[in-house]
2 protein chains.
Amino acid sequence: MGIVGDMTNEEDASRPATLWNDAWRGVLFATSRTLQVAEPELIATAGFPLTWLDVLAQLYDAGEAGLRMQELEQRSLFTRSGLTRLVDRIEAAGLVRREAVPGDRRGVQVVLTEEGRRRHDAAFVGHSKVIERVFGRRLTEAQLRAVAEALAPFWHDDEDRAES
Amino acid sequence: MGIVGDMTNEEDASRPATLWNDAWRGVLFATSRTLQVAEPELIATAGFPLTWLDVLAQLYDAGEAGLRMQELEQRSLFTRSGLTRLVDRIEAAGLVRREAVPGDRRGVQVVLTEEGRRRHDAAFVGHSKVIERVFGRRLTEAQLRAVAEALAPFWHDDEDRAES
DNA sequence: TGTCAACTAATGTAATAACAGTAGTTGCGA
DNA sequence: TCGCAACTACTGTTATTACATTAGTTGACA
């Protein structure tokens with residue numbers, strides 16, 4: 001039942017094992033495997049999926065004023081489209097509220113409700129523990145530091161879409 | 001005003017900036033940002049999405065015999081459900097073939113067709129270049145090595161669901 | 001002002017994913 | 001061999017996502 005069972009030691013011509021390939025594979029697997037455990041647990045304990053926590057967390061970080069739909073869309077990690085209806089659902093659950101934007105009648109400001117803040121806090125704490133257990137504890141402190149440092153650039157890019 | 005307002009301006013009480021948190025955040029962002037670029041490019045050049053490449057790659061690695069549906073489901077990174085119909089679509093496109101399993105009439109063996117292998121190879125090469133450009137080149141060699149080494153455990157686990 | 005392109009969010013529709021339930025098969029033990 | 005639980009994949013249905021289009025708003029400029 002080997003997993004990668006037949007790990008042929010010969011190099012596959014069409015699959016060069018480059019350094020960046022191994023790194024990417026690691027990142028991808030780490031994300032996938034971790035979320036496979038974390039998402040069901042989030043749903044079980046918080047009652048909503050990661051897409052909701054993503055939105056709630058962005059709004060939490062944004063503070064009082066909340067965010068415009070487009071800002072929310074740009075910042076969110078899990079939702080690339082269908083934000084309107086996602087916010088619809090979260091709003092229907094009472095965790096979020098749409099408010100008019102004073103100077104611009106096109107826009108909407110999405111804001112956390114009190115209930116939303118409470119549910120966010122609880123969910124965030126629980127989710128963090130799961131992440132720590134499933135992801136954090138599998139790495140040494142030095143490894144965590146190295147990964148955090150190496151991948152930091154990816155969450156500082158909001159404007160650089162220019163890659164070669 | 002709230003919470004953020006009258007808190008210490010540095011550390012947010014409900015968001016401790018732990019080491020593993022930063023590492024996880026990096027991994028998550030790296031995956032998200034990279035795929036946001038890579039998936040549309042894959043569709044544009046190969047004509048199919050990442051879920052297809054995921055399946056094709058697993059079958060490629062599996063070799064001649066192909067894989068049972070369940071093996072495929074366990075190994076795939078992007079598909080957690082709906083594999084039956086995903087394979088339906090890929091099969092309808094002629095990239096994959098379902099074969100009977102000799103000893104077990106319940107099972108199905110999914111195998112790459114010749115066309116499937118060609119399309120896989122082309123897609124894989126193109127996709128790799130994108131990954132290199134968007135992900136690989138943003139890290140130094142030492143960083144790539146550190147990330148690859150630290151996260152390697154995640155793609156060696158198929159049986160350890162036992163986390164604490 | 002009047003016109004128009006850009007902007008902002010929502011809507012209609014089709015594709016896909018998630019979840020529960022089903023049909024047929026297998027292997028074990030009475 | 002019969003009954004039954006486990007197994008394997010599929011189907012029915014609902015929820016969600018993706019993609020294209022639409023409605024209304026804004027700002028610039030003739």
Side-chain angles (χ1 to χ4, degrees), chain A residues 1 32 35-44 47-56 58-59 62 65-93 95-111, chain B residues 32 35-44 47-56 58-59 65-93 95-111:
Chain A
M1 328 255 184
S32 176
L35 291 183
Q36 272 168 31
V37 175
E39 172 125 52
E41 293 203 26
L42 178 67
I43 291 172
F48 51 74
L50 266 171
T51 50
W52 288 36
L53 182 57
D54 189 19
V55 167
L56 296 180
Q58 296 302 335
L59 295 176
L67 292 173
R68 298 286 288 261
M69 290 296 281
Q70 289 199 332
E71 298 175 299
L72 198 46
E73 185 151 26
Q74 286 163 3
R75 299 186 193 191
S76 74
L77 282 172
F78 297 106
T79 302
R80 300 318 298 161
S81 83
L83 185 64
T84 294
R85 278 177 269 224
L86 174 58
V87 171
D88 283 350
R89 292 191 291 272
I90 303 177
E91 188 176 27
L95 309 188
V96 129
R97 186 174 56 239
R98 271 180 242 238
E99 294 180 351
V101 179
D104 188 344
R105 275 182 301 176
R106 293 170 303 182
V108 176
Q109 209 75 14
V110 187
V111 185
Chain B
S32 176
L35 292 183
Q36 271 170 31
V37 175
E39 172 125 51
E41 292 203 26
L42 179 67
I43 291 171
F48 53 72
L50 266 172
T51 50
W52 289 37
L53 182 57
D54 188 20
V55 167
L56 296 179
Q58 296 300 338
L59 295 175
L67 291 173
R68 297 285 287 262
M69 291 295 282
Q70 289 198 331
E71 298 175 300
L72 198 46
E73 185 151 25
Q74 286 164 4
R75 299 186 191 190
S76 74
L77 284 171
F78 297 105
T79 303
R80 300 318 299 161
S81 85
L83 186 64
T84 294
R85 280 178 267 225
L86 174 58
V87 172
D88 283 350
R89 293 191 290 272
I90 305 178
E91 187 176 27
L95 308 189
V96 129
R97 188 172 55 238
R98 271 181 241 237
E99 294 181 351
V101 178
D104 188 344
R105 277 181 300 178
R106 292 170 304 182
V108 175
Q109 209 75 15
V110 187
V111 185

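So you know, we letter chains A, B, ... as the sequences are listed, proteins then strands, and number each from 1.
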Taking the nucleotide of DNA chain C with the closest heavy atom to each, which residue, A:Arg85 or A:Val108, is nearer the 5' end?
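Looking at DNA chain C, the more 5' nearest nucleotide goes with A:Val108.
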On DNA chain C, check which nucleotide each of A:Ile43 and A:Met69 is closest to and give me the residue with the more 5' one.
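This one resolves to A:Met69.
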Does [X] put a side-chain nitrogen or oxygen below 4.0 Å from OP1 or OP2 of [N]?
{"X": "B:Arg105", "N": "D:dT8", "result": "no"}
{"X": "A:Arg80", "N": "D:dT17", "result": "no"}
{"X": "A:Arg89", "N": "D:dT16", "result": "yes"}
{"X": "B:Arg98", "N": "D:dC10", "result": "yes"}

Nearest to the side chain of [X], which nucleotide is it out of [options]?
{"X": "A:Asp104", "options": "D:dT26, C:dT25, D:dA9", "value": "D:dT26"}
{"X": "B:Thr84", "options": "D:dT8, D:dT11, C:dA9", "value": "D:dT11"}
{"X": "B:Arg106", "options": "C:dT8, C:dG24, C:dA17", "value": "C:dG24"}

Sugar-phosphate only, base, or nothing, as touched by A:Gly82 at under 4.0 Å among non-hydrogen atoms
nothing
NA contact type, A:Thr79, heavy-atom cut-off 4.0 Å: base, sugar-phosphate, or nothing?
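The answer is nothing, as A:Thr79 stays clear of every strand by at least 4.0 Å.
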Mind calculating the distance between [atom1] ([X]) and [atom2] ([N]) to the nearest angstrom?
{"X": "A:Leu67", "N": "C:dA9", "atom1": "CG", "atom2": "P", "result": "11 Å"}
{"X": "B:Gln70", "N": "D:dC10", "atom1": "CD", "atom2": "P", "result": "11 Å"}
{"X": "B:Gln74", "N": "D:dA9", "atom1": "CD", "atom2": "C1'", "result": "14 Å"}
{"X": "B:Leu86", "N": "D:dC10", "atom1": "CG", "atom2": "P", "result": "12 Å"}
{"X": "B:Glu99", "N": "D:dA9", "atom1": "CD", "atom2": "C1'", "result": "16 Å"}
{"X": "B:Asp88", "N": "D:dC10", "atom1": "CG", "atom2": "C1'", "result": "9 Å"}
{"X": "B:Glu39", "N": "C:dT16", "atom1": "CD", "atom2": "C1'", "result": "12 Å"}
{"X": "B:Leu83", "N": "D:dT8", "atom1": "CG", "atom2": "P", "result": "14 Å"}

Measuring only between side-chain heavy atoms, which start at C-beta, is A:Leu86 closer than 4.5 Å to A:Arg89?
yes
What I'd like to find out is whether the side chain of A:Arg68 reaches to under 4.5 Å of the side chain of A:Gln109, using heavy atoms alone.
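Result yes, sub-4.5 Å side-chain heavy-atom pair found.
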Testing B:Val55, B:Leu53, B:Ile90, B:Ile43 for side chain to side chain contact (heavy atoms under 4.5 Å, CB included) with B:Phe48, which one passes?
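Answer after filtering B:Val55, B:Leu53, B:Ile90, B:Ile43: B:Leu53.
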Taking B:Trp52 as the fixed residue, which of B:Leu42, B:Thr79, B:Val96, B:Leu95 is the one that meets the side chain to side chain contact (heavy atoms under 4.5 Å, CB included) rule?
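Among B:Leu42, B:Thr79, B:Val96, B:Leu95, the one that satisfies the side chain to side chain contact (heavy atoms under 4.5 Å, CB included) with B:Trp52 is B:Leu95.
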For the CD atom of A:Gln74 and the CG atom of A:Leu67, what is their distance to the nearest 0.5 Å?
10.0 Å
